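These figures come from a predicted structure and were not determined experimentally. All chains are named by letter (A, B, ...) in the order of the sequence lines, taking the proteins before the strands, and each is independently numbered beginning at 1.
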Amino acid sequence: MSGSSKPKPDCEAVRAELPALLYDEVTEDARVSVEDHLRSCETCRAELTAHRETMRLLDRWSYPAHEFHPPVPWAAASHRSRRDWWRPMLVGAAAALIAFTTLGVVGVSARYADGQLTVTLGRGGQYTPPAVTELRLAEHIPAFQTVARRTVDARMGVLLDALEADLVEMGRNEDRLWSLALQAADERRNADLRRFAVVVEALSRQQEGAGQRVRHFQDDMMAWRVSVDAQLAETPLGLHGKEKS
Amino acid sequence: MDLTDRELIERTRHGDVGSFAHLTARWQRKAYALAYRLTQDEEAAADIRQTAFLRAYERLDGLNSRAAFSAWLFRIVVNLCRDRHRSSSVWERVSGRLRDMRRSSGTAGSKVSVACEQSETAQRVREAVGSLPAAVREVVVMRHYMSFKFTEIAEILGTPVSTVKTRMASGLRLLRESLENVES
């Protein structure tokens, strides 16, 4: 900047408009006014020239945008047929059985009443879909009921190992769970389940593989067991007696 | 026929997640590009984009019916970038830079990246942009690299247009100082 001429009173206003002029975002009136000022103000002209040179330098940092766009799950899904498009979400629903407590962002609690396990999602966590409140998973997916029963067994100190084995098996047998979820969603068209599945699938991709998910799930199931125990302790279901026998 | 953002949002609100998939496909590139320019970290940008769409999905009911989805989404992206900037330690930033360097030195996926950024000038510009104050950097990136208009930037950032223009002018001045000895 030369600094050779003293800025005129409206120099500040003109300089504030220089970026708009450079990016061609001034009204015609403003352009005339600014250009009129520039003709008589060497300092502002120098500023404009310097801005232009800086912008040319900025152009030197380009980057290949097309190289950096791994698709997010929804986008990938949108290019499939309707049936295929469903699949990743249903996969997500099944994966939820294994992964949802490992995500660390979806609060989970369980309630077993009237022969039905109800999983409640959300403790106000930021990733909790607002539309999803309760998913009666056990109603749809027998495997979940089995786990619930094993959980009760574990409380009685009988089948803790079996519970863990079941969970491991769930991890190994994701295909079967997916098909169960597929069937459940097809039958019920549960909108909440679908919306939940989308979120879970996206989140589950942030996890590092099924093995880790299963391990975490085991840990979380133990915590969940305590929650179920508390519910069972308060609600006489008859389930204890059956399992004992 | 392509549905508008507003129509896709309405369908999503009624449980049609496929509509949200279309919205995502429509805006994901720009969301990623914005996050990348602001963070200068590919992995962080991918995470931020993912998180931004999740957050948008969860909070869709809170979107004012007259507000533009894109501006709302980009505001989420900018806020996530700010959060990351605030929370990341110096070590994380250094290690992120090292990771980028390592990646660009060998892997096939970044060949173009190497070609684009191998020049010293490009590197200097990238560093200069990265060293701008966050509020100024956001404006410079959105105007110069993302081609948002000043009015759009004002809407995304929730600030007056005049403030956006002032920040842009400040950004150009600061960049000029940082790049004083670099030939254009």
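Here the CG-CG distance, from A/Leu57 to B/Leu175, works out to 9.0 Å after rounding to the nearest 0.5 Å. The line from CG of A/Leu58 to NE2 of B/His144 is 4.5 Å long, rounded to the nearest 0.5 Å. The CD atom of A/Glu17 lies 9.0 Å from the CZ atom of B/Phe150; values are rounded to the nearest 0.5 Å. Atom CH2 of residue A/Trp61 and atom CZ of residue B/Arg124 lie 15.0 Å apart, to the nearest 0.5 angstrom.
Of the charged side-chain nitrogens involved, none lies within less than 4.0 Å of a carboxylate oxygen, so that A/Arg60 and B/Glu120 do not count as a salt-bridged pair.
The stretch residues 164-172 of chain B places B/Lys165, B/Met168, B/Ala169, B/Leu172 near chain A, each with some heavy atom under 4.5 Å from a heavy atom of that chain.
For B/Val161, no part lies near chain A; criterion is any non-hydrogen pair under 4.5 Å.
Remark: B/Arg11 CZ is loosely packed, at most 12 non-hydrogen atoms of other residues, nucleotides or ligands lying under 6.0 Å away.
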